[in-house]
Amino acid sequence: MLKINSSYYKESEKDLPLESIVTPESLSGIFEIDQKTIMRVTRKYPMRINPYFFSLIKKVDDPLGRQAIPDLAELDQEIFLKPDPLWEEPQSPVLNLIHRYPDRVVFMVSSQCAIYCRHCMRKRRLGQEKQVPESVIAKGIEYIRSTPAVRDVILSGGDPLMMSNNRLEQILSLIRQIPHVEIIRIHTRIPCALPQRIDKSLTDMLRKYHPLYMNIQFNHPDEITSQAEAACAILADAGIQIGSQTVLLKGVNDDPDVMMNLMQRLLQIRVKPYYLHHADAVEGTRHFRTSIETGLEIMRHLRGRLSGMGVPQYMIDLPGGGGKVPILPEYVLEEGPRELKVKNFEGEIFTYPLK
Ligand SMILES: *Cc1c(COP(=O)(O)O)cnc(C)c1O
């Protein structure tokens, strides 16, 4: 049996080992799954599952297994699927920095993740390098410094929290020295994928760099364990506002009741649902994509039945670098000169006076 060791992440100056502790061999020993099949997939898209996340998986195709265990469907080819549909590379003025919107940039400072999500939107880059070179970080910071329009810097990756506190602090302090940068966001899946990483020494460092926001990713209620809850409490107690960027995934959370439960649990652990992302048309992730109608049905279910605080915005990210756009259920049935005909969350029709 596989040893589950919660101290897999060691707070040290070294980055984590690249290798997955869970191997195709150990996987095939535990689940009914063929080692050769897994290896066919991992030759193209590497696997990484840490012992904590692995301990939560009960079956290969349960909601957590689907997100972490390689699936032959990843090798399906489909003409409309692209390695980089959102044009992140063409919209990078310098390596690892995406500048799509006027006032904010995504800065990919880490190339490591606690687990390699099978639905990753940056699957094309999976496991390609151990560390982002110092020169790339330096050029990114120089770009931000010389671009006064940038008010908001999103640290992403990979996962920024896979870096040691010291390395992360070096980057945060350089960005904070730039006067026009108002807010910093850290985009990470660590509270879900390796919550043991979050501790007071991390937040003692982070809180020096406020206003600092964090966006995380929980996709299923089973990911919200007591450890994940404790991690979010440590962050929230340090004054860090946490949002969830959930991804709508077939076989994981494409169900109104599961999604409702997830959003309720997120509010309970002090995480505000921010976005519900429709799965992008990324090569190797087709088996996760749902219809837009599925997403809209979920949104109609949430609105009115769940605290408004818990209703995320449902977003599609436009191919060709057009950016994110919200998709909304239609509530206005008819617009007359004097009144609107509006459907409420229970399907009842009301008249709303305009004059
Ligand atoms: C999603 C995204 C952002 C941030 O968008 P918000 O709507 O402000 O959260 C910024 N840049 C890029 C390239 C993005 O994909």
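Only a predicted model underlies this, so the values are computations on that prediction, with no experimental measurement involved.
Listed for the Q91 side chain is a donor-acceptor partner under 3.5 Å among the backbone atoms of G321. Side chain of S110 to main chain of D159: a donor-acceptor pair is present (N/O by atom type, distance under 3.5 Å, no hydrogens or angles). Not one N or O on the side chain of R151 forms a donor-acceptor pair closer than 3.5 Å with the backbone of D103. With R100 contributing its side chain and L86 its backbone, the two residues share a donor-acceptor pair below 3.5 Å. Between the side chain of N253 and the backbone N or O of H220, no donor-acceptor pair lies under 3.5 Å. For the pair N50 (side chain) and A193 (backbone), a donor-acceptor distance under 3.5 Å is present. With hydrogens and angles disregarded, no donor-acceptor distance shorter than 3.5 Å links the side chain of D280 to the backbone of M121. Judged by distance alone, with hydrogens and angles left aside, the side-chain atoms of R305 form a donor-acceptor pair with the main-chain N or O of H301 at under 3.5 Å. Between the side chain of S164 and the backbone N or O of R167, at least one donor-acceptor pair lies under 3.5 Å. A donor-acceptor pair under 3.5 Å is absent between the side-chain atoms of S26 and the main chain of V22, judged by distance alone.
The nearest pair of heavy atoms linking L97 to G140 is CD1-O, 3.8 Å. Nearest approach of R300 to Y331, heavy atoms of both residues: CA-OH, 4.1 Å.
N219 and R66 share no side-chain donor-acceptor pair at under 3.5 Å. In summary, the side chains of Q67 and R118 do not present any donor paired with an acceptor at a separation below 3.5 Å, with no hydrogens or angles considered. Between the side chains of Q112 and R48, at least one donor N or O sits under 3.5 Å from an acceptor N or O. Checking Y52 against T225 by side-chain atom types alone, a donor-acceptor pair falls below 3.5 Å.
With a 4.5 Å cut-off on side-chain heavy atoms, I292 and I327 count as touching.
If you chain together hydrophobic residues whose side chains sit under 4.5 Å apart, I154 and L318 never meet in one group.
In this structure R104 satisfies the side chain to side chain contact (heavy atoms under 4.5 Å, CB included) test together with Y101, D152, R185, sequence neighbours excluded.
Around CE of M205, the count of heavy atoms belonging to other residues, nucleotides or ligands within 6.0 Å exceeds 12. Residue R40 places its CZ atom among 12 or fewer non-hydrogen atoms of other residues, nucleotides or ligands, all under 6.0 Å distant. Around atom NZ of K139, no more than 12 heavy atoms belonging to other residues, nucleotides or ligands sit under 6.0 Å away.
A salt bridge does not link E229 to R270: none of the charged nitrogens lies less than 4.0 Å from a carboxylate oxygen. A salt bridge does not link E330 with K343: every distance from a Lys NZ or Arg NE/NH1/NH2 to an Asp or Glu carboxylate oxygen is 4.0 Å or more.
Under the side chain to side chain contact (heavy atoms under 4.5 Å, CB included) rule, M214 has a single partner from V271, L206, I184, which is L206. The salt bridge (Lys or Arg N to Asp or Glu O under 4.0 Å) with R122 is formed by just one residue from the set E89, E283, E88; it is E88. Each of K123, R286, H287 was checked for a side-chain hydrogen bond (donor to acceptor under 3.5 Å, both in side chains) with E74, and the lone residue meeting it is K123.
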Carefully, step by step, assess D204 and K200 under the rule salt bridge (charged side-chain N to carboxylate O under 4.0 Å, His left out).
-> CA-CA 6 Å; D204 282 347; K200 197 164 167 302; 3.1 Å; yes

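Distance check: I49 CD1 to C117 SG gives 10.5 Å after rounding to the nearest 0.5 Å.
Between Y143 and H99, the distance from one ring center to the other falls under 6.0 angstrom.
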